[in-house]
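Down below is the structure, laid out as structure tokens.
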Amino acid sequence: VLVEGDRIFEFDDWRNSMSYWKGDFQYKKTIKSFLSNTQWKKLRDGVFGNFFRLQGVKFCGRLIHSVLLSEIISNDSHSMTFKVFYREVKFTREAFQIITGLKCSSSVDFKVLRERENRLSKVYFPGKDRIELGDLWHFITSHPYGTTASFVGSHDDAVKLATIYFVESVLMGKRKNRNVSERVMKIVDDDELCSSFNWGSLCYEKLLKSLKSCLKPKQNTSENENEKEKDKEKDSYTILGFPFAFCVWIMEVFLIFQEK
DNA sequence: TAGCCAAGGTCCATTGAGTA
DNA sequence: TACTCAATGGACCTTGGCTA
């Protein structure tokens with residue numbers, strides 16, 4: 001029986017595994033080609049502006065994997081604790097907020113959105129009862145700015161569609177065949193709500209749930225040893241949410257160790 | 001040009017939201 | 001509360017770009 005402070009994984013468990021992220025690495029390029037300079041500036045001055053000033057995002061799958069293997073048992077379900085070089089370090093909501101600059105205060109409440117209509121969906125995807133992220137990607141890439149095919153809606157709507165694409169494909173790390181959240185569309189359509197919304201918590205909870213579950217073996221009711229061994233041999237897994245903040249946190253933690 | 005690796009694509013079992 | 005079915009996430013496969 002494991003108690004608080006114990007390692008969850010043996011050192012030689014799943015050591016050859018690799019973690020991946022299935023969001024859009026090229027989000028800046030995808031979105032930039034869709035927007036005019038004024039719209040691009042508006043996006044960079046908005047609530048997600050930081051993410052459009054980054055040079056680019058680089059995913060370190062092996063680094064994340066090796067740190068995840070050093071997780072230890074903790075009684076706090078809202079963070080993750082690791083033991084690295086004999087020292088305990090904690091990845092928390094506060095750390096995520098500092099790294100991303102996104103609001104992480106209260107818990108997320110969607111109740112107010114239930115009665116609202118999804119205007120953006122009605123106008124730009126008429127007749128569709130659900131929109132896949134691939135549909136939105138196709139819409140954005142097939143209306144490049146400055147060409148005969150460029151977007152004909154309002155300036156604000158162009159920025160809103162770009163924002164929705166960014167939230168779903170980057171902050172949520174969704175694959176293209178997954179649905180665009182109606183809630184996200186409604187929040188982004190409301191300027192005031194969008195700038196005050198708790199994006200950090202939404203994205204942190206997604207990331208934490210994914211980090212906590214990706215290496216855990218499936219609940220194996222059978223006592224079959226072969227099944228358990230097979231589970232250990234899995235060679236890859238996908239991380240959801242925005243794991244780049246976790247990468248930055250890892251690098252910061254290593255720097256602190258280096259200085260001591 | 002072969003081999004490697006990361007990114008993108010797809011299948012399917014599980015999950016969870018909606019409804020009676 | 002039980003049931004149904006669409007959405008999701010895990011796992012694996014394919015593609016494409018890079019390098020030696």
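Here is the naming used below: chain letters follow the sequence lines, and residue numbers restart at 1 for every chain.
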Between A:Phe51 and A:Phe166, is the ring-ring contact (aromatic ring centres under 6.0 Å, His included) condition met? List the steps. CA-CA 9 Å; A:Phe51 299 89; A:Phe166 167 76; 5.3 Å; yes
Does the B:dG8 base have a donor-acceptor partner in the side chain of A:Lys176 within less than 3.5 Å?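 Flag unset: no donor-acceptor pair detected.
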May I have the distance from [X] (atom [atom1]) to [N] (atom [atom2]), rounded to whole angstrom?
X        : N      : atom1 : atom2 : value
A:Tyr20  : C:dG16 : OH    : C1'   : 14 Å
A:Tyr237 : B:dG8  : OH    : P     : 19 Å
A:His65  : B:dC5  : NE2   : P     : 15 Å
A:Asp24  : B:dG9  : CG    : C1'   : 14 Å
A:Lys22  : B:dA6  : NZ    : C1'   : 10 Å
A:Asn177 : C:dC12 : CG    : C1'   : 14 Å
A:Trp21  : C:dA11 : CH2   : P     : 20 Å
A:Ile64  : B:dA6  : CD1   : P     : 13 Å

Any carboxylate oxygen within less than 4.0 angstrom of a Lys/Arg side-chain nitrogen, looking at [X] and [Y]?
X        : Y        : value
A:Glu205 : A:Arg93  : yes
A:Arg130 : A:Glu132 : yes
A:Lys41  : A:Asp45  : yes

Taking the nucleotide of DNA chain B with the nearest heavy atom to each, does A:Arg178 or A:Gln26 sit closer to the 5' end?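 Going by which nucleotide is closer to the 5' end, it is A:Gln26.
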Sugar-phosphate only, base, or nothing, as touched by A:Gly23 at under 4.0 Å among non-hydrogen atoms: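 Sugar-phosphate, no base atom in range.
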Quick check on [N]: is either OP1 or OP2 less than 4.0 Å from any side-chain nitrogen or oxygen of [X]?
X        : N      : value
A:Lys174 : B:dG8  : no
A:Arg175 : B:dG9  : no
A:Ser213 : C:dG10 : yes

Nucleotide of B:dA7, C:dA11, C:dG9 approaching A:Lys206 most closely (side-chain heavy atoms):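 Ranking B:dA7, C:dA11, C:dG9 by closest atom to the A:Lys206 side chain puts C:dG9 first.
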Looking only at side-chain atoms of A:Asn179, point me to the closest of B:dG16, C:dT8, C:dA11.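 Nucleotide nearest to A:Asn179's side chain: C:dT8.
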Tell me, please, which residues at least two apart from A:Arg44 pass side chain to side chain donor-acceptor pair (under 3.5 Å).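 Per chain and number, A:Arg44 pairs via side chain to side chain donor-acceptor pair (under 3.5 Å) with no residue.
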